[in-house]
Amino acid sequence: MIEPDFVRATRDSYDAVAAQYAESFSATLETAPLQRAMLDAFAALVRGGGPVADVGCGPGYATGHLHALGVDAFGVDLAPEMIALARQAHPGLRFEVGTMAALDVPDGALGGVLSRYSIIHTPPERLPEIIAEFSRVLAPGGHLMLSFVAHDEPAEPAEAYDHRVARAYRWSPDRVAGLLREHGLDEVARLVYAPGEDTVRGFPAVDLLTRKPAQAIAAAGEAGEAGGMLCVTPNALKGS
């Protein structure tokens, strides 16, 4: 398979700044209580449900946080230098070089997928294949949490912006949620960070939490669509 230019450019760019990136961002969760709270909620949903992939794990700080919360987490990143730093920082955890579009994971093998800002370097026309891959590896009842830089124009799927490392895109939350639905992932919750929380560019950002329906929920969904209404109980939202 021929490697797309954007994949090679992103990998090379992050390899070049891996040490600086790790130094700048490894303590992010200590000073970001809302991000930490969303990760903690994600951990509560996926804990005990099978392995969880932190896709685009970078130096592994989110993988390590999930592990500390009792999650069977492992990390995947495109950049070998990032993986080397993650293994150094978390020697007891598994980290692998890999690509979001072709995870080395069997169908339905994961209880969860975490993707924190890893889709931002994906060209808009390639995002559907990434979402399809996330859906493929999730077990029924598994959860995906997708974080990304956002914009407020639903008519525009993505806007390019000048990221410091590699060309990047910010996404319409509603358009991304619709794409997730098309691939069998139902929105459970979203947290929108106001533009003022981004002290560099003033962009909003989103944590979007979704679930791949379990068989019973999927059957209920089909019945609800036939009757024009789908009711989801509070326990269903908790994944129980």
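The shown structure was predicted, so the numbers you read here are calculated from the model rather than taken from an experiment.
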I need the minimum non-hydrogen distance between [X] and [Y], along with the two atoms involved.
X    : Y    : answer
L85  : A22  : CD1-CB, 4.0 Å
A89  : P59  : CB-O, 4.4 Å
I120 : V149 : CG2-N, 4.0 Å
A62  : L29  : CA-CD1, 4.4 Å
H163 : A168 : CB-CB, 3.6 Å

Would you check if [X] and [Y] make a side-chain contact, meaning some heavy-atom pair closer than 4.5 Å?
X    : Y    : value
S147 : V206 : no
L185 : L138 : yes
L69  : R47  : yes
T210 : D186 : no
Y169 : I119 : no
P204 : H151 : no

task: Kindly determine whether R190 and D174 satisfy side chain to side chain contact (heavy atoms under 4.5 Å, CB included), including the steps that lead there.
output: CA-CA 10 Å; R190 72 173 73 176; D174 289 340; 3.0 Å; yes
- prompt: Does CD in E129 sit with more than 12 non-hydrogen atoms of other residues, nucleotides or ligands closer than 6.0 Å?
  reply: yes
field: Residue Q20 excluded, over 12 heavy atoms near CD under 6.0 Å
entry: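 For Q20, atom CD is not crowded (no more than 12 foreign heavy atoms under 6.0 Å).
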field: Chi angles and distances behind the salt bridge (Lys or Arg N to Asp or Glu O under 4.0 Å) call for R201, D198
entry: CA-CA 6 Å; R201 293 186 177 86; D198 177 358; 5.6 Å; no
Are [X] and [Y] linked, directly or through other ILVMFWY residues, by side chains that come within less than 4.5 angstrom of each other?
X    : Y    : value
F6   : Y117 : no
L93  : V52  : no
V188 : L34  : yes
L191 : L114 : yes
L209 : Y193 : yes

For residues 98-110, tabulate all N or O donor-acceptor pairs below 3.5 Å that involve a side-chain atom, not counting sequence neighbours.
unit_1	atom_1	unit_2	atom_2	d
T99	OG1	A101	N	3.4
D107	OD1	R136	NH1	2.6

query: Going from CG on D162 to CZ on R167, what distance comes out if it is rounded to the nearest 0.5 angstrom?
result: 9.0 Å
query: If you round to the nearest 0.5 Å, how far is CZ of F134 from CG of L180?
result: 9.5 Å
R211 side-chain N/O to G141 backbone N/O, donor-acceptor pair under 3.5 Å: no
- prompt: Where the side chain of K212 meets the backbone of G184, is there a donor-acceptor pair that is under 3.5 Å apart?
  reply: no
- prompt: Going through the checks in order, is the side chain to side chain donor-acceptor pair (under 3.5 Å) test met by T10 and S13?
  reply: CA-CA 5 Å; T10 301; S13 295; over 6 Å; no
- request: Could you tell me whether R170 and D152 have a side-chain N and a carboxylate O separated by less than 4.0 Å?
  value: no
query: Between I130, L146, V113, which is the residue that forms a side chain to side chain contact (heavy atoms under 4.5 Å, CB included) with V55?
result: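 The residue from I130, L146, V113 that satisfies side chain to side chain contact (heavy atoms under 4.5 Å, CB included) with V55 turns out to be V113.
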message: Exactly one of F203, W171, F148 should register a ring pair (Phe, Tyr, Trp, His ring centres under 6.0 Å) with Y161. Which one does?
response: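 Looking at F203, W171, F148, the match for Y161 under the ring pair (Phe, Tyr, Trp, His ring centres under 6.0 Å) is F203.
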message: Counting the benzene-type ring for Trp, do Y14 and H121 have ring centres under 6.0 Å apart?
response: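 Between Y14 and H121, the centre distance is under 6.0 Å.
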- request: Mind jotting down which residue pairs meet the side-chain hydrogen bond (donor to acceptor under 3.5 Å, both in side chains) criterion with at least one end in residues 51-69? Sequence neighbours excluded, please.
  value: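 Residue pairs passing side-chain hydrogen bond (donor to acceptor under 3.5 Å, both in side chains), neighbours aside: D40-H65, D54-T63.
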message: For F95, does the six-membered ring have the charged nitrogen or CZ of R87 within the cation-pi criterion, i.e. under 6.0 angstrom from the centroid and within 45° of the normal?
response: no
Please set out all donor-acceptor pairs under 3.5 angstrom arising from side-chain atoms of residues 72-84, sequence neighbours excluded.
unit_1	atom_1	unit_2	atom_2	d
D77	OD1	A79	N	2.9
D77	OD2	C57	N	3.3
D77	OD2	G58	N	2.8

